[in-house]
Amino acid sequence: MRKGKANAKNPKVVSLFSGAMGLDLGLEKAGFDPAVCVEIEPSAIKTIKHNRPSLPVFEDSIEKATGKALRKLGGFSAREPIDLVAGGPPCQAFSVFGNRMGIEDARGQLVFEFIRIVDELRPKTFLMENVRGLHSMSVLPKKNEKLTQDPELYEKGSLLRKILEGFNQIGYTVDCFLVNSVNYGAPQIRERLLLVGNRSGKRIDFPSPTHSNREEDGLPQFKTLGAAIGPDSGFEDPDDDVMNFSPRKLHYLSMVPEGGNWRSLPVEIQKESMKKSWYLKGGRSAYWRKLSFKFPSPTVVTMPNHAGTSMCHPTELRAISVGEAAAIQEFPRDWEFVGSATCKMRQIGNAVPTRLGCVAGKTIMEFLKGLPKSNRGRPNPLESRIIHLRPHVRTRSFWKNGKSLAGDHCYYSKDEQEKDLQLELKFEDESG
């Protein structure tokens, strides 16, 4: 565990909304050193201090932070250039699984505090990550459409456009990338939106996927859950705390085979266990879901013991443990989380996969190395762009041709791949 002082020669990063430092650990692996963190949640602060006791932490809301205070706390001189500001503003307000209140939610407004801090610190680059849902979120929810004369506020994607305009106005060129961690070797399907900005008026390109489940891509196969925590992986659980299911939930999950979900249950049991949810539209693939070692993990959630976001262990009748969830997110094995099982899972579920942090960090590091030592003048920012790097990934189906699919079966068929490709093209058209 690296608990000593940072390497003075490494580029430094100011970390906002640090949480359990998933993003920061990835950036560390890429060669950056965290200089100061901003975090308000008590258990996350304890986790940071436990693992990085010498790292300064601004223990309050970002709304109370200033560029001057962060420079002082991080040991920067008044004129010392800052290489990178990075962080992920609370994303629940923008998530497709949230209430989609967007900017009306107080958490949604914190993204503009990120812009303010970037403006005050004037870093060479910034990295802001968020959920895929931010890509399509409107500034104001449709339900209030009659309250204003401005129709643009209700348009799909208007919130992201407002954010990009905010960065442009303070002189930053922004490249947005919709990515999926599984495409870069992580054992988890997790879509993220990454905003990479610079004030040099240049483009930054994110690497193409390095892994794929499509044979024609000629890339290594996706990493599976089994490779991360399976019986042949050599994994030893460093933290077996569990937010377990209730006895009622365990009763229904006991009937689900490995790799199955609610579709694997008899119809009458489905209706009995799901109640009104059984009649809802949509696949509800996470309902009574039991994971499979043969496929990548679905997105790690903060509450793996809920019926509708179930992350039941493949071969043991329980939710995945804190240590297993951390391994799926690829936290270092010696990274220790502080708090109750609920607090630990919240820290892990809200974290950025460390691998994505590393890939983004290496990309930004190469960009910084290519900048001239003397960069006088203030070039106008280039127009923002949004690039899809195969963010929509499926590795399997739970239901096909009237039959429930579970257990060990091959990656999905050619016709399903074609459907996913068409959906991916649709996403690109919508962003275009």
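Only heavy atoms go into these numbers, but all of them, side chains included; no hydrogens, no water, no symmetry mates.
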If every non-hydrogen atom of N244 is compared with every non-hydrogen atom of A319, which pair is closest and at what distance? OD1-N, 3.2 Å
Can you tell me how far CG of L194 sits from CD1 of I204, rounded to the nearest 0.5 angstrom? 12.0 Å
Atom CD of E383: over 12 foreign heavy atoms under 6.0 Å: no
Kindly indicate, with the supporting measurements, whether the criterion salt bridge (Lys or Arg N to Asp or Glu O under 4.0 Å) is fulfilled by E120 and R116. CA-CA 6 Å; E120 292 180 14; R116 176 182 63 81; 3.0 Å; yes
Pairwise side-chain contact, V242 with V322, heavy-atom cut-off 4.5 Å (strictly under): no
For N51 versus D334, what's the shortest heavy-atom pair and its separation? OD1-O, 3.9 Å
Do K12's NZ or CZ and the ring of F76 fall within the cation-pi criteria of under 6.0 Å and 45°? yes
Run the numbers on E165 and K162 for salt bridge (Lys or Arg N to Asp or Glu O under 4.0 Å), then give the verdict. CA-CA 5 Å; E165 287 170 6; K162 187 175 180 67; over 6 Å; no
Salt-bridge present (R385, D205; N to O < 4.0 Å): yes
Show, in sequence, the C-alpha distance, side-chain angles and deciding distance for E113 and K64, and conclude whether the side-chain contact (heavy atoms from CB on, under 4.5 Å) test is met. CA-CA 10 Å; E113 294 295 324; K64 296 182 180 180; over 6 Å; no
Distance, nearest 0.5 Å, that separates CD of Q329 from CG of L25: 11.0 Å
Rounded distance [0.5 Å steps], OG1 in T299 versus CZ in R192: 8.0 Å
So, for H211 and F222, which heavy atoms are closest and what is the spacing to 0.1 Å? O-CE2, 3.5 Å
With rounding to the nearest 0.5 Å, note down the distance linking CZ in R333 to CD in E236. 5.5 Å
Within the structure provided, determine whether P209 and Y184 are in side-chain contact (heavy-atom separation under 4.5 Å). yes
Is the side chain of N180 donor-acceptor paired with the backbone N or O of R190 at a distance under 3.5 Å, no angle test? yes
Looking only at atom types and distance, does a side-chain atom of E39 sit under 3.5 Å from a main-chain N or O of G19, one as donor and one as acceptor? yes
As a quick check of understanding, evaluate side-chain contact (heavy atoms from CB on, under 4.5 Å) for T395 and I189, giving each step before the final call. CA-CA 9 Å; T395 57; I189 297 172; 3.8 Å; yes
Write down the atom of G259, the atom of F398, and the distance for their closest heavy-atom approach. O-CE2, 3.3 Å
Y252 ring center near F245 ring center (under 6.0 Å): no
Quick one, L219 and T210 - any side-chain contact, counting heavy atoms below 4.5 Å? no
So, applying side chain to side chain contact (heavy atoms under 4.5 Å, CB included) with I364, which one of N198, V196, V359 is it? V196
Classify the ring geometry of F17 against F114: parallel below 30°, tilted from 30° to 60°, perpendicular beyond 60°. parallel
Quick one: does any side-chain atom of K249 pair with a main-chain N or O of N305 as donor and acceptor, under 3.5 Å? yes
Given 3.5 Å as the limit, does a donor-acceptor pair link the side chain of E41 with the main chain of S43, or not? yes
Please check: side-chain N/O of R122 versus main-chain N/O of I82, any donor-acceptor pairing under 3.5 Å? no
Are the side chains of L291 and I320 in contact, using a 4.5 Å heavy-atom criterion? yes
Quick one, C37 and S15 - any side-chain contact, counting heavy atoms below 4.5 Å? yes
N/O donor-acceptor pair under 3.5 Å between R390 side chain and V179 backbone: no
Candidate pair T47 and Q347, rule side-chain hydrogen bond (donor to acceptor under 3.5 Å, both in side chains), full reasoning: CA-CA 9 Å; T47 291; Q347 293 174 51; 2.7 Å; yes
Distance col, row I117:CD1 vs F112:CZ, nearest 0.5 angstrom, shows 15.0 Å
Testing the basics here: between Y172 and G197, what is the closest heavy-atom pair and its distance to 0.1 Å? CD2-C, 4.1 Å
Is any side-chain heavy atom of L225 closer than 4.5 Å to one of I328? yes
To the nearest 0.5 Å, what is the distance between CG on L193 and NE2 on H135? 7.5 Å
When you measure from the side chain of D175 to the backbone N and O of R203, does any donor-acceptor pair fall under 3.5 Å? no
Got a donor-acceptor contact below 3.5 angstrom from the S18 side chain to the M21 backbone? no
Could you tell me if the side chain of L253 sits less than 4.5 Å from the side chain of W288, heavy atoms only? yes
Check the angle between the aromatic planes of F206 and F177 and answer parallel, tilted or perpendicular using the 30° and 60° thresholds. tilted
Just so I know, are the side chains of Y287 and S310 near enough to count as touching, which here means a heavy-atom distance under 4.5 Å? no
Please lay out, stage by stage, how R355 and E330 fare under the test salt bridge (Lys or Arg N to Asp or Glu O under 4.0 Å). CA-CA 7 Å; R355 185 173 296 257; E330 297 188 293; 2.7 Å; yes
Check: R284 side chain, W262 main-chain N or O, donor-acceptor pair, under 3.5 Å: no
Exercise: identify the closest heavy-atom pair between E316 and C312: O-SG, 4.0 Å
Report the C-alpha separation of R161 and E155 in whole Å, then their side-chain angles, then the decisive distance to 0.1 Å, and conclude whether the salt bridge (Lys or Arg N to Asp or Glu O under 4.0 Å) test is met. CA-CA 10 Å; R161 289 195 294 272; E155 289 180 1; 3.1 Å; yes
State whether the side chain of E324 and the backbone N or O of S321 hold a donor-acceptor pair below 3.5 Å, judged by distance alone. yes
With D83 as partner, the option from R199, K124, K369 fulfilling salt bridge (Lys or Arg N to Asp or Glu O under 4.0 Å) is K124
